[in-house]
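In what follows, every heavy atom counts, from backbone to side chain, and hydrogens, waters and symmetry copies are set aside. Just so it is clear, the structure is predicted and the values come from calculations on it, not from any experiment.
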Amino acid sequence: PEGRWGRIERPMRMQRVRMDGEIWILAQGEITTDSPRFLSEAIAKPGEASPRGVILQSRGGRLQAGLEMGRIIRANGLETRAGGIACPDSTDDSEPGGQQSPDGLGLPTVPNMHEDTGICASACAYAFLGGSQRQSQPGALGFHRISAIAPAGMEAEEIAAAETEMLRDLLLYMLAMGAEAELVGLAQVPPAAALARPAAADLSRLGIVTNATTGISTPARALQLAAL
């Protein structure tokens, strides 16, 4: 079946995997209202080591849930990666398959980033911004314009007010995560059914990806806007 951004996905599933000898959380599927809770549970799994970060593969879902995932990722100091990950196949609907790690922990092993797989779009792209360090292949991230889902009978003025409030919340979130305000405008340019895919040069310029040696810097204007 096809949806707004292509093939309809299953609800997001969290899976601990091993990449480059370290533990990561592989988050795949549609972001739902339950996704932030599942992410928190995967991060703080009793008796297991803390993950280094979250690998995101999703065509989107609930915006507010995506923002909450980003806040959880940032609060736990985790990195994010998007696109370019060869993921383990699933043997059935509940138990992911994949090559077992040699340390006997039973974690599927995935290779490092390459350029031909993976997408993180819509709500996923905003969740990605929560990473303390962020890496993505060009074209893997897609941002779309914000539009309110209006119930029947809602006046045009009310819809516009709701969208304005959503944009304000999104702007504050992105600035707090270290991205540039220009990203909001970039996402609003394409038609509602299209994605803005920042070019490689814009990924760094807009603070979407980070330099591993410098980490996150929060623009001073984020602190100013947060007081509004």
Side-chain angles (χ1 to χ4, degrees), residues 3-5 11-12 27 29-40 43 54 56 58-80 82 119-132 134 136 141-198 202-203 205-210 216-228:
R4 184 178 183 184
W5 312 116
M12 180 167 277
E30 180 184 357
I31 295 175
T32 69
T33 55
D34 291 325
S35 298
R37 174 170 59 86
F38 293 152
L39 176 60
S40 293
I43 292 171
V54 182
L56 291 157
S58 171
R59 295 179 180 272
R62 298 281 185 172
L63 175 62
Q64 291 301 327
L67 301 187
E68 183 60 24
M69 286 178 63
R71 295 185 184 101
I72 292 169
I73 290 169
R74 179 59 60 85
N76 285 276
L78 303 182
E79 301 179 21
T80 51
I119 185 172
C120 179
S122 187
C124 178
Y126 295 117
F128 170 84
L129 296 177
S132 59
R134 304 186 287 271
S136 173
L141 291 167
F143 299 85
H144 73 82
R145 67 188 307 155
I146 299 301
S147 57
I149 301 176
M154 191 174 186
E155 298 292 336
E157 294 81 3
E158 295 178 294
I159 297 174
E163 290 181 348
T164 299
E165 184 66 18
M166 290 171 63
L167 279 172
R168 179 182 180 278
D169 291 346
L170 184 59
L171 175 62
L172 293 174
Y173 168 83
M174 290 197 306
L175 291 175
M177 296 301 160
E180 294 292 332
E182 184 183 341
L183 180 55
V184 174
L186 179 69
Q188 294 299 106
V189 171
L195 291 171
R197 295 178 181 268
D202 290 331
L203 290 176
R205 182 178 66 83
L206 297 176
I208 299 170
V209 298
T210 60
I216 297 297
S217 61
T218 302
R221 60 184 174 279
L223 302 179
Q224 300 168 358
L225 287 171
L228 295 177

Can you check whether [X] reaches [Y] side chain to side chain, under 4.5 Å on heavy atoms?
| X | Y | answer |
| --- | --- | --- |
| L67 | L170 | yes |
| L56 | M69 | yes |
| L129 | R134 | yes |
| D34 | P11 | no |

Looking at [X] and [Y], what are the two nearest heavy atoms and their distance?
| X | Y | value |
| --- | --- | --- |
| G61 | S122 | N-OG, 4.4 Å |
| P198 | I208 | CG-CD1, 3.7 Å |
| A196 | L186 | CB-O, 3.6 Å |
| S35 | E30 | OG-O, 4.0 Å |
| A121 | L195 | CB-CD1, 3.8 Å |
| I31 | A123 | CD1-C, 3.8 Å |

- Query: Run the side-chain contact (heavy atoms from CB on, under 4.5 Å) check on M177 and R71 step by step: do they pass?
  - Reply: CA-CA 9 Å; M177 296 301 160; R71 295 185 184 101; 4.1 Å; yes
- Query: Hey, is the main chain of Y126 close enough, under 3.5 Å, to the side chain of Y173 for a donor-acceptor pair?
  - Reply: yes
- Looking only at atom types and distance, does a side-chain atom of R59 sit under 3.5 Å from a main-chain N or O of G29, one as donor and one as acceptor? no
- Message: What verdict does the side-chain contact (heavy atoms from CB on, under 4.5 Å) test give for I119 and R197, after you've listed the backbone C-alpha separation in whole Å, the side-chain angles of each residue and the deciding distance to 0.1 Å?
- Response: CA-CA 11 Å; I119 185 172; R197 295 178 181 268; 3.4 Å; yes
- Query: For the atom pair CG (D169) and CG (L63), what is the distance rounded to the nearest 0.5 Å?
  - Reply: 9.0 Å
